[in-house]
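Below: the structure, in structure tokens.
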Amino acid sequence: MGWLDALTGKSTRKATGPLADYYAATAPGPDTPLDQLPMLAVDVETTGLNPAKDRILSIGWVPLDGRVITLGGAAYHVVKPESGDGSVGHSATIHGLTDDDVATGRPLSDVLGELLAALAGRAMLVHYEPIEREFLTAACRKLYGSGLKVPTVDTLEIERRHMERMATFPRGEDLRLPRIRQRYGLPAYGSHNALGDALATAELYLVLADRANGHTLRAMQVR
């Protein structure tokens with residue numbers, strides 16, 4: 001029984017290709033100290049919010065080793081649409097990617113394979129976990145026969161918990177990545193670029209981890 005079987009009680013033997021290789025690696029345990037925790041900050045940009053009908057347009061990631069951002073391992077890829085996937089539509093006004101941009105991108109299978117290799121042995125760091133979880137799980141099921149299960153830390157969730165402990169309940173855009181960074185004195189970056197948002201999330205995590213209510217992955221993770 002592998003680490004995921006122990007975590008979920010479900011077999012991952014049906015996973016194939018890069019996903020099977022990912023599951024063969026040892027993920028960090030919940031008691032891993034934050035100072036030693038290997039993570040991968042990940043951001044995906046999509047045509048919408050529904051993985052059943054929308055698609056991934058780009059993926060960016062940045063590794064963290066303990067409390068150090070390792071820029072040498074950062075990557076960014078635009079994803080080429082499969083036949084029949086259609087235009088990026090109005091979503092281009094958000095992420096800035098045009099039909100011409102994605103037409104010169106790489107196949108999702110190639111990009112996802114590289115992401116899984118980079119993620120092996122690490123926890124995943126995101127801002128607003130449902131987007132990355134749902135889209136990456138849908139892509140893994142389609143390409144590799146099983147969903148993606150990974151220890152995940154969500155900077156939005158960390159800040160939400162903190163605000164509620166302080167009896168300052170978030171409203172409106174209080175939990176958006178740029179707004180939280182502004183509250184902690186971090187520089188303003190452009191939003192909705194997958195690599196830029198992954199780096200922005202990694203930087204924010206380092207600030208939040210300094211005053212976290214706990215010093216292990218267990219205290220920080222969503223799942």
Side-chain angles (χ1 to χ4, degrees), residues 1-34 36-46 49-66 70 73 75 77 79 107-158 160-161 194 197-198 201-202 205 208-209 212 214 216-223:
M1 180 179 289
W3 71 268
L4 184 63
D5 298 329
L7 179 67
T8 67
K10 298 178 181 178
S11 173
T12 61
R13 285 178 293 180
K14 63 181 180 179
T16 62
L19 185 61
D21 294 339
Y22 161 77
Y23 284 135
T26 301
D31 294 322
T32 304
L34 297 184
Q36 302 171 20
L37 180 62
M39 306 180 75
L40 192 72
V42 178
D43 184 80
V44 301
E45 296 297 320
T46 66
L49 301 179
N50 185 348
K53 65 178 182 179
D54 296 312
R55 59 187 172 87
I56 295 173
L57 296 175
S58 63
I59 305 178
W61 61 84
V62 178
L64 297 89
D65 295 292
T70 308
H77 299 289
V79 177
L108 178 60
S109 57
D110 290 355
V111 176
L112 190 58
E114 290 188 17
L115 171 64
L116 290 170
L119 189 59
R122 296 177 178 268
M124 185 167 71
L125 174 66
V126 298
H127 189 81
Y128 189 57
E129 175 260 359
I131 291 294
E132 278 71 27
R133 170 174 52 84
E134 292 177 9
F135 274 90
L136 293 176
T137 288
C140 284
R141 283 200 181 109
K142 179 178 179 180
L143 292 170
Y144 308 124
S146 182
L148 177 64
K149 299 289 185 180
V150 56
T152 302
V153 174
D154 182 351
T155 49
L156 184 151
E157 181 65 13
I158 295 170
R160 183 191 66 77
R161 294 172 187 168
D197 283 355
T201 299
Y205 164 79
L208 299 181
T216 65
L217 173 58
R218 186 191 308 276
M220 306 290 278
Q221 75 181 89
V222 176
R223 62 184 67 238

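- Here the straight-line distance linking atom CG of Leu19 with atom NZ of Lys14 works out to 10.5 Å at 0.5 Å rounding.
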| Trace of the side-chain contact (heavy atoms from CB on, under 4.5 Å) decision for Ile56 with Leu136 | CA-CA 9 Å; Ile56 295 173; Leu136 293 176; 4.2 Å; yes

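- Nearest heavy-atom pair across Ala15 and Ala20 is O-CB, 3.4 Å.
- One finds the SG atom of Cys140 at 8.0 Å from the CG atom of Leu115 (value rounded to the nearest 0.5 Å).
- Two residues are said to be in side-chain contact when any heavy atoms from C-beta on lie closer than 4.5 Å; Gln221 and Pro30 meet this criterion.
- Here the side chains of Leu156 and Val126 are not in contact, with every heavy-atom distance at 4.5 Å or above.
- The distance from atom CG of Leu34 to atom CE of Met39, rounded to the nearest 0.5 Å, is 8.0 Å.
- Note that the CG atom of Asn50 and the CZ atom of Arg55 stand 14.0 Å from one another [nearest 0.5 Å].
- Here CE of Met220 is found 8.5 Å from CZ of Arg161. Values are rounded to the nearest 0.5 Å.
- Here the closest heavy-atom approach between residue Tyr22 and residue Pro151 is recorded as OH-CD, 4.4 Å.
- Nearest approach of Leu217 to Ala123, heavy atoms of both residues: CD1-CB, 4.3 Å.
- For Ala75, the side-chain contact (heavy atoms from CB on, under 4.5 Å) partners two or more places apart in sequence, or in a different chain, are Trp61, His77.
- Formation of a donor-acceptor pair under 3.5 Å by the Thr32 side chain with backbone atoms of Gly29 is found in this model.
- Nearest heavy atoms, Leu112 versus Ala139: CD2-CB, 3.8 Å.
- Although no hydrogens or angles enter the test, the distance criterion places a donor-acceptor pair under 3.5 Å between the side chain of Glu132 and the main chain of Val44.
- Looking at Thr16, its side chain does come within 3.5 Å of a backbone N or O of Tyr144 through a donor-acceptor pair.
- Side-chain atoms of Thr155 and His127 form a donor-acceptor pair, as typed in the model, at a separation below 3.5 Å.
- Although no hydrogens or angles enter the test, the distance criterion places a donor-acceptor pair under 3.5 Å between the side chain of Thr152 and the main chain of Val150.
- A pairwise comparison of heavy atoms in Ala120 and Ala25 identifies CB-CB, 3.9 Å as the closest pair.
- The closest donor-acceptor contact from the side chain of Tyr23 to the backbone of Pro18 lies at 3.5 Å or more, if one exists at all.
- For the atom pair CG (Leu37) and CG (Asp65), the distance works out to 9.5 Å, reported to the nearest 0.5 Å.
- Using a 4.5 Å heavy-atom cutoff, the side chains of Val153 and Met124 are not in contact.
- Arg122 places a side-chain N or O within 3.5 Å of a backbone atom of Leu64 that can act as its donor or acceptor partner.
- At least one donor-acceptor pair under 3.5 Å links the side chain of Asp154 to the backbone N or O of Tyr128.
- At least one donor-acceptor pair under 3.5 Å links the side chain of Asp54 to the backbone N or O of Leu49.
- Contact record, Ala194 with Ser58: CB-OG, 3.7 Å, taken as the closest heavy-atom pair.
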